[in-house]
Amino acid sequence: MAQVTTSEVIIVGAGPTGLMLANILGKYGRSVTVLEARETLIDYPRGVGLDDESLRTIQTVGLVDEVRPHTTPQHIMRLVNGRGKTILVNNPQTDEFGWERKHGFIQPEVDKVLYDGLERFDHVNVLFGHEVTTVEEDSDKVSLTVTLTDAEGQQVEKNFEAQYLVGCEGGKSPTRKRLNVSFEGESPATRWLVVDVNNDPLGTPNVFLGADPKRPYVSIGLPHAVRRWEFMLHDDESEEMATDPDFVDQMLREHVPNPRDLDFIRRRVFTHHARVAGSFRKGRQIIAGDAAHLMPVWMGQGWNSGMRDATNLGWKLASILSGQVSDDVLDTYTSERKDHSKAMVDLSLTMGKVIKITNPAGAVARDAISSALNLFPSVKSYFSDMRFKPMPRYTQGVLADPTTQASGKAAAKLTRKLIPVTTANTRVSPVGVQFPQPDVTTSAGVKKFDDAVGNWWTVIVWGNDPKDVLPVASLKKLEALGAKLVAVVPQTQREWAERDADSDVLVLGDHTGRLKKWFDDRPTPMIFLRPDRFVAGACLNQDGPQTLEAILEALHFRGPVSNPGTVSVPDDASSLLP
């Protein structure tokens with residue numbers, strides 16, 4: 001009988017989504033095999049934009065210090081017309097998730113950090129040159145046959161098994177095709193020439209989107225002195241013509257004095273795609289990243305959307321593999337991620353249509369409208385602060401409605417008639433969105449919020465000890481869930497509160513006042529925070545037990561299991577993953 005290599009999860013594809021998912025599962029102590037058909041990681045630039053949500057996930061897996069040297073924080077984008085006049089600036093200043101909203105980055109270097117990070121885990125293996133040829137699924141496992149070339153140059157086969165397979169193989173994903181799910185959307189016929197060079201001849205550190213009706217272009221300053229240009233191709237310009245050095249020189253002539261002296265990394269033609277899979281999971285097979293959604297490059301969200309997939313999926317797989325929840329929770333992966341993926345695709349398409357106007361009259365009208373709108377500060381800040389970007393908001397999934405405590409769903413607004421709700425500064429619900437990440441004070445000093453509380457379930461209560469406002473039955477269920485109990489108080493009260501708190505309650509001081517402001521605006525002093533930093537439930541303290549029950553129902557919670565494994569978190573904020 002042929003030897004079979006087993007692990008709990010097989011990830012097909014060592015791109016950024018697969019590598020991040022492997023890091024998340026590795027941190028939770030799960031065994032993973034990553035199979036990559038290529039012989040090495042891709043070493044040329046691809047994605048160029050990294051956002052605050054992704055950096056927060058990178059922080060969670062303990063690699064943020066290694067990634068930061070390959071980024072340019074506060075990457076400003078300017079949309080300019082054919083005369084070089086700025087018609088829109090995108091320069092968000094907010095940092096509610098703990099990091100700058102936008103970064104330029106060098107994808108091969110960051111991908112390599114994610115790959116090197118897997119060396120920390122004896123139970124995670126990455127195998128290059130392994131091409132999946134057949135996949136079979138039954139009631140309790142997925143079986144794969146893989147082809148590779150041995151040391152003698154002969155084609156050989158190996159067999160692998162796992163409880164789950166996650167396809168992260170890109171837009172042509174065999175896993176998605178095998179699942180026979182739709183891949184709806186469009187692939188605009190517009191083609192673009194991408195030119196990457198070393199030793200940036202311009203030196204400007206930001207992004208220019210050239211809405212020039214003669215030929216739209218993009219010019220991007222990246223870390224490590226890399227410069228990218230993208231030029232829209234006309235219908236009569238073939239790929240062979242576009243990659244010819246003379247043609248490239250012609251494209252660059254208005255950008256640099258001497259194109260021939262550039263140190264080229266690559267010249268390549270590509271077509272934008274805008275598609276989203278009908279489902280991200282069937283049975284024991286799942287898709288993530290470009291396998292699940294393809295989006296045009298305009299908002300720099302392709303790489304980041306893959307990070308969001310891994311962040312959503314990782315803790316759910318870890319919970320299932322521990323025996324803590326049933327795999328019905330995987331249905332929430334599609335319900336939570338699909339709508340936001342489509343929203344980002346639609347936004348990217350819209351931005352592309354604004355940039356790609358080639359009709360002179362249409363370009364004049366666009367520029368005139370932009371100039372007029374920039375006269376209004378509220379409109380100008382709408383674009384500058386990036387408030388047009390849809391933030392993920394889950395309305396179905398591992399959630400509890402903040403008004404009714406109904407399980408598995410959450411309305412976007414609070415509708416309860418109690419005075420604390422009707423007098424609140426906002427009635428927008430915090431359930432289904434990410435919790436902020438300010439700095440907080442612990443007994444060990446100042447930390448970012450996520451580093452203080454750890455990487456599993458967290459119950460946060462403003463101004464109170466969770467053990468004082470939750471009944472014993474609820475506390476036992478939270479212990480079974482492995483949740484960390486956290487009291488957040490003004491910094492002036494931290495030492496006093498810490499003296500009175502049980503040893504298993506973490507007391508955080510709000511020395512910046514940002515959490516006080518957050519809770520002051522919202523009539524929800526108790527927060528149930530998921531491992532991916534999304535709010536599963538938010539309520540008045542007296543509604544805590546009902547909210548917890550609704551969350552556990554949506555989670556398909558089975559209760560504690562024996563032999564719990566330790567989640568890798570700071571010593572002063574350790575929690576257990578059953």
Side-chain angles (χ1 to χ4, degrees), residues 11-18 20-21 37 42 46-49 51 53-54 107 132 135 165-194 216 218 230 232-233 235 239 268-283 285-313 330-356 388-394 396-397:
I11 297 171
V12 184
T17 304
M20 176 53 79
L21 180 59
I42 296 176
R46 290 164 291 154
V48 294
D51 67 19
E53 297 172 60
S54 293
Q107 182 177 341
V132 176
V135 176
L165 180 152
V166 185
C168 303
E169 325 99 311
K172 297 181 180 179
S173 168
T175 303
R176 186 189 66 247
K177 295 174 182 177
R178 191 166 55 248
L179 297 184
N180 194 30
V181 296
S182 62
F183 203 36
E184 298 175 355
E186 58 183 280
S187 295
T190 308
R191 295 163 302 131
W192 291 77
L193 169 66
V194 177
V218 182
E230 299 178 13
M232 195 179 86
L233 297 176
D235 291 342
E239 181 170 349
R268 178 175 174 264
V269 173
F270 74 97
T271 302
H272 293 167
H273 299 277
R275 298 182 179 276
V276 180
S279 176
F280 294 1
R281 175 244 179 166
K282 277 191 176 180
Q285 299 183 60
I286 309 159
I287 53 176
D290 286 353
H293 39 71
L294 288 170
M295 59 190 66
V297 300
W298 303 115
M299 296 304 301
Q301 287 298 305
W303 195 91
N304 296 293
S305 291
M307 294 299 103
R308 293 188 191 101
D309 292 346
T311 306
N312 186 288
L313 182 59
L330 287 180
D331 291 336
T332 67
Y333 171 54
T334 297
S335 65
E336 291 182 350
R337 285 295 305 131
K338 181 181 175 182
D339 286 350
H340 184 259
S341 299
K342 186 178 185 305
M344 293 309 307
V345 166
D346 292 344
L347 179 61
S348 298
L349 279 173
T350 299
M351 179 64 79
K353 290 174 182 177
V354 171
I355 296 167
K356 294 189 300 180
F388 57 85
K389 173 189 170 185
M391 297 302 293
R393 171 178 281 280
Y394 303 151
Q396 296 183 54

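It should be emphasised that the depicted structure is a prediction, and the values quoted were computed from it without experimental measurement.
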A.B. asks: With a 4.5 Å limit on heavy-atom distance, are the side chains of Val276 and Glu184 in contact?
C.D. replies: no

A.B. asks: How long is the gap from OG1 on Thr311 to CE on Met20, to the nearest 0.5 Å?
C.D. replies: 6.5 Å

A.B. asks: Do you know the tightest heavy-atom contact between Ala277 and Val181?
C.D. replies: CB-CG2, 4.2 Å

A.B. asks: Is the closest side-chain heavy-atom distance between Ile286 and Leu179 below 4.5 Å?
C.D. replies: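 They are not in side-chain contact.
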
A.B. asks: Trp303 and Pro16: which non-hydrogen atoms are nearest, and at how many Å?
C.D. replies: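 In terms of heavy atoms, the two residues are closest at NE1-CB, 3.1 Å.
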
A.B. asks: Any Lys/Arg nitrogen of Glu53 or Arg308 sitting under 4.0 Å from an Asp/Glu carboxylate oxygen of the other?
C.D. replies: yes

A.B. asks: Can the positive tip of Arg337 be found less than 6.0 Å from the middle of the six-membered ring of Phe280, inside 45° of the ring normal?
C.D. replies: no

A.B. asks: If I take atom CD from residue Glu169 and atom OG1 from residue Thr17, how far apart are they, to the nearest 0.5 angstrom?
C.D. replies: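 One finds 11.0 Å between CD of Glu169 and OG1 of Thr17.
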
A.B. asks: What distance do His340 atom NE2 and His293 atom NE2 have between them, rounded to the nearest 0.5 Å?
C.D. replies: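 The NE2 atom of His340 sits 10.0 Å away from the NE2 atom of His293.
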
A.B. asks: Quick check: closest heavy atoms across Ala288 and Tyr333, and the distance to 0.1 Å?
C.D. replies: CB-OH, 3.3 Å

A.B. asks: Tell me whether Asp309 contacts the main-chain N or O of Gly289 through its side chain, where contact means a donor paired with an acceptor under 3.5 Å.
C.D. replies: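 Indeed, once roles are kept as given, a pair shorter than 3.5 Å links the two residues.
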
A.B. asks: Please confirm whether the backbone N or O of Ser335 pairs with a side-chain atom of Tyr394, one donor and one acceptor, at under 3.5 Å?
C.D. replies: no

A.B. asks: Minimum heavy-atom separation for Asn304 to Ser54, with atom names?
C.D. replies: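 Heavy atoms of Asn304 and Ser54 come nearest at OD1-OG, 2.7 Å.
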
A.B. asks: Measure the spacing between CD of Gln396 and OG1 of Thr334 and express it to the nearest 0.5 Å.
C.D. replies: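 The distance works out to 11.5 Å.
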
A.B. asks: Atom OG of Ser305 and atom CG of Leu294: how far apart are they, to the nearest 0.5 Å?
C.D. replies: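 Rounded to the nearest 0.5 Å, the OG-CG separation comes to 10.5 Å.
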
A.B. asks: Verify, without hydrogens or angle tests, whether Arg176 (side chain) and Ala291 (backbone) share a donor-acceptor contact under 3.5 angstrom.
C.D. replies: yes

A.B. asks: Atom CG in Leu21, atom CE in Met307: separation rounded to 0.5 Å?
C.D. replies: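 It comes to 9.5 Å.
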
A.B. asks: What I'd like to find out is whether the side chain of Glu230 reaches to under 4.5 Å of the side chain of Val48, using heavy atoms alone.
C.D. replies: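 SC-SC contact between Glu230 and Val48 ruled out.
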
